[in-house]
Enquirer: 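If you scroll down you'll find the structure; I have some questions about it.
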Amino acid sequence: MGLGVWQLQRADYKQGLQDLYEQRSAATAVGLSELSAEQDIAYLQIRLQGRFDNEHHFLLDNRVLNGRVGYEVISPFLLEPAITNQSGDVFDLIWINRGWIPMLASRNELPEIKPVVQSIELNGQLVNPSDTFVLADVPLSGQWPEVVQRIDLLQMTKRLSGVQAQGEARQIAPYLFRAAVGQAGSFQINWQAINTSPQKSLGYSVQWFLMALVLTGLYFWTCIRQK
């Protein structure tokens, strides 16, 4: 019964996320300067101006699209000009998830990320990186592009800061930006608010409740037989 109630709560949580995603996806894009530190940024539509850092990329491993295994490309994006938000925080760089690319024939061979040299405008949405469970964290290789098993903005920022020359340290926004379909420098885009539908969780809850009913019936039937 407890598992059934838990699945009902999961279904309600997923439906809330889906509703928020659809509501904010239909909203007008705003600039980072209009945000505050305390604001809920999940799925907010944002526009950015700047250019990619073409030397330093992270490849988020084990991303599956249409049955194929690949990576999601996450690159630093230099904001032009630097942004000051409503809380007075100044940022001149943000992480951009540019979408999915396929894995090559060998895991030892990493895909090439073609440079985007010009200043561009991007539209997309901000997200809170989820805490993905992994069996073990793979240490960073010290080479670019870096392959990671999950998005850890703090670790990624430290890695990037380690290659910047003294005096060039960037103030990196604590957000992850997901590029919209058709943006310059983007790859295959298939963003979703949730991986499984609320209906699936409802189906699981029904299974747990039916199992509890059957077990309860078997218990009383066994008691009657023994009597």
Side-chain angles (χ1 to χ4, degrees), residues 9-53 56-60 63 65 71-101 116 118-132 148 150-158 160 170-198 201:
Q9 293 172 342
R10 290 286 299 165
D12 185 62
Y13 171 73
K14 291 178 181 180
Q15 189 61 56
L17 278 183
Q18 185 65 39
D19 293 343
L20 180 64
Y21 177 81
E22 293 175 357
Q23 174 189 354
R24 292 190 169 177
S25 295
T28 303
V30 298
L32 285 176
S33 60
E34 300 178 48
L35 305 183
S36 64
E38 301 80 16
Q39 187 171 350
D40 176 19
I41 55 90
Y43 310 127
L44 282 177
Q45 296 298 303
I46 296 294
R47 60 178 179 272
L48 302 175
Q49 180 72 40
R51 55 184 173 85
F52 283 111
D53 177 343
H56 310 107
H57 308 285
F58 287 89
L59 300 179
L60 182 59
R63 302 292 98 183
L65 181 64
Y71 308 95
E72 288 178 9
V73 180
I74 303 174
S75 305
F77 188 78
L78 181 62
L79 299 168
E80 297 176 338
I83 298 297
T84 302
N85 67 11
Q86 296 294 319
S87 301
D89 303 313
V90 180
F91 307 119
D92 54 11
L93 192 143
I94 189 171
W95 294 107
I96 306 287
N97 191 329
R98 302 166 63 178
W100 182 91
I101 56 175
V116 180
Q118 70 274 21
S119 179
I120 58 176
E121 182 176 293
L122 292 179
N123 288 296
Q125 59 186 190
L126 298 179
V127 293
N128 294 308
S130 59
D131 294 327
T132 305
V148 293
R150 62 182 174 184
I151 298 175
D152 186 334
L153 296 184
L154 180 59
Q155 182 188 51
M156 292 162 61
T157 299
K158 288 181 178 178
L160 182 64
R170 303 292 187 185
Q171 298 297 319
I172 303 178
Y175 314 123
L176 179 66
F177 177 93
R178 296 197 306 197
V181 175
Q183 301 299 296
S186 66
F187 302 102
Q188 295 191 53
I189 302 295
N190 186 33
W191 306 132
Q192 297 176 340
I194 52 178
N195 294 325
T196 57
S197 67
S201 291

Enquirer: Using the side-chain hydrogen bond (donor to acceptor under 3.5 Å, both in side chains) definition, which of the options Gln183, Glu72, Gln125 pairs with Arg178?
Expert: Gln125
Enquirer: Using modelled atom types and a 3.5 Å cut-off, is there a donor and acceptor pairing between side-chain atoms of Arg98 and backbone atoms of Gly185?
Expert: yes
Enquirer: Heavy atoms only: give me the nearest Ala180-Ser186 pair and the separation to one decimal.
Expert: O-OG, 4.2 Å
Enquirer: Could you tell me whether the side chain of Ile83 reaches within less than 4.5 Å of the side chain of Val90, counting heavy atoms only?
Expert: no
Enquirer: Are Val30 and Leu44 side-chain neighbours, meaning at least one heavy-atom pair lies under 4.5 Å?
Expert: no
Enquirer: Taking the side chain as every heavy atom from C-beta outward, state whether Leu48 and Ile96 have any pair of such atoms under 4.5 Å apart.
Expert: yes
Enquirer: Does any non-hydrogen side-chain atom of Asn97 lie less than 4.5 Å from one of Val127?
Expert: no
Enquirer: Kindly compute the distance separating CD (Glu34) from CZ (Arg47), expressed to the nearest 0.5 Å.
Expert: 6.0 Å
Enquirer: Mind listing the closest non-hydrogen atom pair of Ile120 and Ala184 along with its distance?
Expert: CD1-O, 3.8 Å
Enquirer: What are the two closest heavy atoms between His57 and Ser75, and how far apart are they?
Expert: ND1-OG, 2.7 Å
Enquirer: Between Asp92 (side chain only) and Gln171 (backbone N and O only), is there a donor and an acceptor less than 3.5 Å apart?
Expert: yes
Enquirer: From Phe52 CZ over to Gln118 CD, what is the distance, rounded to the nearest 0.5 angstrom?
Expert: 10.0 Å
Enquirer: For Phe91 versus Leu79, what's the shortest heavy-atom pair and its separation?
Expert: O-CD1, 3.9 Å
Enquirer: Measuring only between side-chain heavy atoms, which start at C-beta, is Ile94 closer than 4.5 Å to Leu126?
Expert: yes
Enquirer: To check you understand the geometry: which heavy-atom pair defines the closest contact between Asn85 and Leu32, and what is its length?
Expert: CB-O, 3.7 Å
Enquirer: Hey, does Val116 have a side-chain heavy atom less than 4.5 Å from the side chain of Phe77?
Expert: no
Enquirer: Show the numbers, then the answer: is there a side-chain contact (heavy atoms from CB on, under 4.5 Å) between Arg63 and Ile101?
Expert: CA-CA 9 Å; Arg63 302 292 98 183; Ile101 56 175; over 6 Å; no
Enquirer: For the ring pair (Phe, Tyr, Trp, His ring centres under 6.0 Å) test, which of Phe177, Tyr175, Phe58 pairs with Trp95?
Expert: Phe58
Enquirer: Heavy atoms only: give me the nearest Leu93-Pro76 pair and the separation to one decimal.
Expert: CD2-CB, 3.7 Å
Enquirer: What's the spacing between Leu65 CG and Asn190 CG if we round to 0.5 Å?
Expert: 5.5 Å
Enquirer: Name the residue from Ile74, Val73, Val148 that meets the side chain to side chain contact (heavy atoms under 4.5 Å, CB included) definition with Leu59.
Expert: Val73
Enquirer: Could you state the interatomic distance from CD1 (Ile172) to CG (Leu154), rounded to the nearest 0.5 Å?
Expert: 10.0 Å
